[in-house]
Amino acid sequence: MEMARQAAGPGDTTHGGLVVAYAGRPAAPGLDARSVLLRDVADAGDAERDVPPDVVVARRGATSQQSVAEHHVIDRAPTVVTDPGPEPVDERVFNPIGFRKDWDHPVVDLARLVDRAGPGPVTEGVVAAARAFQGVRLPADTPTADVLALAISGVPVVTEGVLDVAPPLAAALDAEVDLDDPLRREEHSLAVRRAAFDHHSTLAWRSALASRAGVRHVGLPAVSALLSTKRPEMLDFALRQVARQRGAEVELVLAAHGFEPDRDAVRRALGDRPHQVLTFDGSAFFGDVLTAAARAASSEVLLKVDDDDWYAPDAVHDLLMARRFSGADVVGMPSEFVYLHANADREALTVRRRHPSELFARFVAGGTLLLDRGTLHALGDFRRVRRYVDAQLLSGVEAAGGRIYRTHGLGYVLRRTGAGHTWQRDDEEFRRPDIVASEWPGFQPSLALEVDPLDRTGPDSTGGS
């Protein structure tokens, strides 16, 4: 067990402060490997126990709550749970790493797939074999554990019958999808894997137990989004991208670079979301501005965002999800979708590029960099540069032996206006035939973006960070 833990890397495997014991049954795979196994539920209230559990998970029909004595350490009796629901799936084992946007074979029956990988339940080998198929067809009697393993891994599945899963996951699995369309297929995969993670991962399982016991549990960590901008005309747009985030606690640290923002307008745009407003002289180094914003942030997890790019409502959540299952030092999205503003030679276009995702990589989009404060500090903070601050950071992580994970690119759209970017590049470079998967006229993002009609194009900005 210890060899496996060392090989898998540190990652985000903390239990969030919830102490769980088990009576008459073991812990689920990947969950509470060193937890206390009790002979009887009543043993949880033993006054001689120095570390009493908050929750005791027991087999159905176990002794009732009344048989557990109040413990003097926690001033209450540990909560007994005999119906915790389906066993959670270990997100460090079953996850979207290795997802393929294409496929070699049509939809396959699960029985045939399992036979190819070896008899028994769905394993990592079965998931790896499923990557080559357009999807997997599940019979009505598929064990719930197999459904969850495939779902949280992002394998497109075709189901029938009633499933013993959380309603949001059942709805995602039942949604009609055209698996012949690679983009619709990936959108479906994302909706399913997100619902499985939110309701059936070990993190979700512990959170549900904590809620039933009425005790504190730390799930996905809070995030401080660092927004440095020189463009007051882009501020309203950028604030809307932050304000609409869901599934994560997000603080905004706004670093106004060369102008004084209307603080009341910022407050109105963000509503109840916590935020800070910092101002800097226009001559300050971009890297210094971001470092100051990072030091002012209240969260231990930091996210660099850009002022002119689009972010799906689940963008921060999905980055945290990828951080959880990958254990990477830095997590980000690819600039897979790019919106090119109109110019003298062409109309506006949305380009989807051939960016592989759900893999460890050397590069992710600079407007999606998520990392811990400690990691940033160990790198010496953001480098004192005027541009290419993202490249400096990623290069530093790689030089230090860190790992960079690139999750899906459906929830982010990079905007190119032809000028005013710290990342200087000819817009036509984004349309090279060898990297373009699709092009559409106008603004045509993935459905996962759930774009606000107010933000379908945004102002044509022409300068700044």
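Atoms considered below: every heavy atom in the structure, side chains included; atoms not considered: hydrogens, waters and symmetry mates. Quick caveat, the model's predicted, so the values are computed rather than measured. By convention here, the first residue in the shown sequence is residue 1.
Exactly one of Tyr405, Phe99, Phe197 qualifies for a ring pair (Phe, Tyr, Trp, His ring centres under 6.0 Å) with Phe325. That residue is Tyr405. A side chain to side chain contact (heavy atoms under 4.5 Å, CB included) with Val316 holds for exactly one of Asp314, Asp318, Leu319, Leu320; it is Leu320. Under the salt bridge (charged side-chain N to carboxylate O under 4.0 Å, His left out) test applied with Lys101, the options Glu358, Glu187, Glu186 reduce to a single match, Glu186.
For Tyr339 and Trp310, the gap between ring centers is short of 6.0 Å. A distance below 6.0 Å separates the ring centres of Tyr412 and Tyr311.
Between Val107 and Arg137, some side-chain heavy-atom pair lies under the 4.5 Å cut-off. Using a 4.5 Å heavy-atom threshold, the side chains of Val451 and Phe443 count as touching. Residues Arg431 and Leu340 are in side-chain contact: their nearest non-hydrogen atoms beyond the backbone lie under 4.5 Å apart. Looking at Asp306 and Thr368, their side chains never come closer than 4.5 Å, going by heavy atoms from C-beta outward. Between Leu370 and Val301, some side-chain heavy-atom pair lies under the 4.5 Å cut-off. Residues Pro88 and His200 fail the side-chain proximity criterion, which asks for heavy atoms closer than 4.5 Å. Two residues are said to be in side-chain contact when any heavy atoms from C-beta on lie closer than 4.5 Å; Phe337 and Thr350 meet this criterion. Put simply, the side chain of Leu110 reaches to within 4.5 Å of the side chain of Leu150, judged on heavy atoms.
Considering all non-hydrogen atoms of both residues, Ala149 and Val89 come closest at CA-CG2, 4.1 Å. Nearest heavy atoms, Ala297 versus Leu226: CB-CD2, 4.3 Å. Nearest heavy atom pair, residue Ala269 against residue Ala243, reads O-CB, 3.5 Å.
Of the N and O atoms on the side chains of Asp180 and Gln134, at least one donor lies less than 3.5 Å from an acceptor on the other residue. Defined by atom type and a distance below 3.5 Å, a donor-acceptor pair is missing between the side-chain atoms of Ser153 and Arg193. Looking only at atom types and distance, the side chain of His257 has no donor-acceptor partner in the side chain of Asp281 under 3.5 Å away. Side-chain N/O atoms of Thr202 and Glu91 include a donor and acceptor closer than 3.5 Å.
A donor-acceptor distance shorter than 3.5 angstrom exists from the side chain of Asn343 to the backbone of Arg346, with no hydrogens or angles considered.
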- Kindly determine whether Asp102 and Arg100 satisfy salt bridge (Lys or Arg N to Asp or Glu O under 4.0 Å), including the steps that lead there. CA-CA 5 Å; Asp102 58 359; Arg100 283 181 54 178; 3.0 Å; yes
- Steps toward side-chain contact (heavy atoms from CB on, under 4.5 Å) verdict (Arg352, Trp440): CA-CA 9 Å; Arg352 187 187 188 196; Trp440 302 277; 3.7 Å; yes
- Message: As a quick check of understanding, evaluate salt bridge (Lys or Arg N to Asp or Glu O under 4.0 Å) for Asp434 and Arg354, giving each step before the final call.
- Response: CA-CA 8 Å; Asp434 60 314; Arg354 301 183 191 278; over 6 Å; no
- Should Asp307 and Gln241 be marked as a side chain to side chain donor-acceptor pair (under 3.5 Å) after you check the CA-CA gap, both sets of side-chain angles, and the distance that decides it? CA-CA 9 Å; Asp307 61 0; Gln241 304 308 301; over 6 Å; no
- Step by step, would you call His275 with Arg267 a side chain to side chain donor-acceptor pair (under 3.5 Å)? CA-CA 8 Å; His275 65 278; Arg267 188 177 302 109; 4.7 Å; no
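At least one cation-pi condition fails for Arg386 and Phe286: the charged atom is not both under 6.0 angstrom from the six-membered ring centre and inside a 45 degree cone around its axis.
A salt bridge is absent between Asp309 and Arg415; no separation between the charged side-chain nitrogens and carboxylate oxygens falls under 4.0 Å. At a threshold of 4.0 Å, the pair Arg295-Asp381 counts as salt-bridged, since one of the basic side-chain nitrogens sits closer than that to a carboxylate oxygen. Classification of Arg373 and Glu300 as a salt-bridged pair holds, one side-chain N sitting under 4.0 Å from a carboxylate O. Using a 4.0 Å cut-off between a side-chain N of Lys or Arg and a carboxylate O of Asp or Glu, Glu251 and Arg273 do not qualify as a salt bridge. We find that Arg240 and Asp452 are not joined by a salt bridge, their nearest charged nitrogen and carboxylate oxygen being 4.0 Å or further apart.
Applying the salt bridge (Lys or Arg N to Asp or Glu O under 4.0 Å) rule to Arg263 yields the partners Glu260; only residues at least two apart in sequence or on another chain are considered. Checked against salt bridge (Lys or Arg N to Asp or Glu O under 4.0 Å), Asp178 has no partners two or more places apart in sequence or in another chain. Partners of Asp345 under the salt bridge (Lys or Arg N to Asp or Glu O under 4.0 Å) rule, at least two apart in sequence or in another chain, do not exist in this structure.
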